[in-house]
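Worksheet: one structure, shown below.
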Amino acid sequence: MSGALLGIAFMAGVDEIIFHQVLGWHHFYDRSTPALGLVSDGLLHAAELMAIVAGIFFLVDVLRAQSFAPAYFRAGLFLGLGGFQLFDGLVNHKVLHAHQIRYGVPLLPYDVTWNLAGLLLLLLGVVLHRQASRAALGR
């Protein structure tokens with residue numbers, strides 16, 4: 001759980017910092033005024049910070065209980081990274097139309113790259129989780 005929350009928070013942070021702030025390609029919500037777009041970016045940033053805090057609390061809890069499993073943590077981290085990216089690419093971009101990666105350019109290469117990267121991260125998390133489960137069962 002801690003790995004997944006931290007993965008989600010990290011990928012949300014990467015998206016927020018690189019694409020929203022540094023490149024200025026979009027805001028979290030672009031279907032209104034630029035001012036509301038900035039507010040939506042702030043809310044996304046607040047949510048990622050809350051996910052970091054919750055992830056750290058869960059991590060401290062398993063460390064305190066001496067039940068921390070690095071292999072499962074690593075798997076959760078990649079599941080969170082890929083899960084956030086794929087959710088953003090499919091739900092926020094295509095279903096809700098909250099924003100697009102860029103505007104005024106052909107979207108297909110950006111969408112394919114964005115979603116493929118998310119899918120690869122998610123699949124890596126699945127593989128790592130399966131490896132961790134097999135190792136835990138002694139196979």
Restricting to non-hydrogen atoms, name the atom on [X] and the atom on [Y] that form the minimum distance, rounded to 0.1 Å.
| X | Y | result |
| --- | --- | --- |
| Phe19 | Trp114 | CE1-CZ3, 3.3 Å |
| Ser40 | His27 | OG-CB, 4.2 Å |
| Ala117 | Gln85 | CB-NE2, 3.9 Å |
| Arg31 | Leu96 | NH1-O, 3.3 Å |
| Ala136 | Tyr72 | CB-OH, 3.9 Å |
| Val105 | Tyr110 | CG2-CE1, 3.6 Å |

From [atom1] ([X]) to [atom2] ([Y]), nearest 0.5 Å:
| X | Y | atom1 | atom2 | result |
| --- | --- | --- | --- | --- |
| Arg74 | Gln131 | CZ | CD | 9.5 Å |
| Asp41 | Ile17 | CG | CD1 | 11.5 Å |
| Ile52 | Leu59 | CD1 | CG | 12.5 Å |

> Has Phe58 got more than 12 heavy atoms of other residues, nucleotides or ligands less than 6.0 Å from its CZ?
Replying inline: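 No.
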Would [X] end up clustered with [Y] when hydrophobic side chains under 4.5 Å apart are linked, directly or stepwise?
| X | Y | answer |
| --- | --- | --- |
| Ile56 | Phe68 | yes |
| Val91 | Phe28 | no |
| Leu120 | Ile8 | no |
| Phe84 | Phe10 | yes |
| Met11 | Leu86 | no |

> side chain to side chain contact (heavy atoms under 4.5 Å, CB included) with Leu81: which of Leu121, Leu124, Val14?
Replying inline: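 It is Leu121; the other options fail the test.
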Is the shortest side-chain heavy-atom distance between [X] and [Y] below 4.5 Å?
| X | Y | result |
| --- | --- | --- |
| Ile101 | His93 | yes |
| Asp111 | Lys94 | yes |
| Phe57 | Ser2 | no |
| Phe73 | Leu6 | yes |
| His99 | Asp88 | yes |
| Val39 | Tyr29 | no |
| His26 | Asp15 | yes |
| Leu44 | His20 | yes |

>> For Leu79 and Val126: C-alpha separation, side-chain torsions, deciding distance, then whether side chain to side chain contact (heavy atoms under 4.5 Å, CB included) applies.
In response: CA-CA 7 Å; Leu79 289 169; Val126 170; 3.9 Å; yes
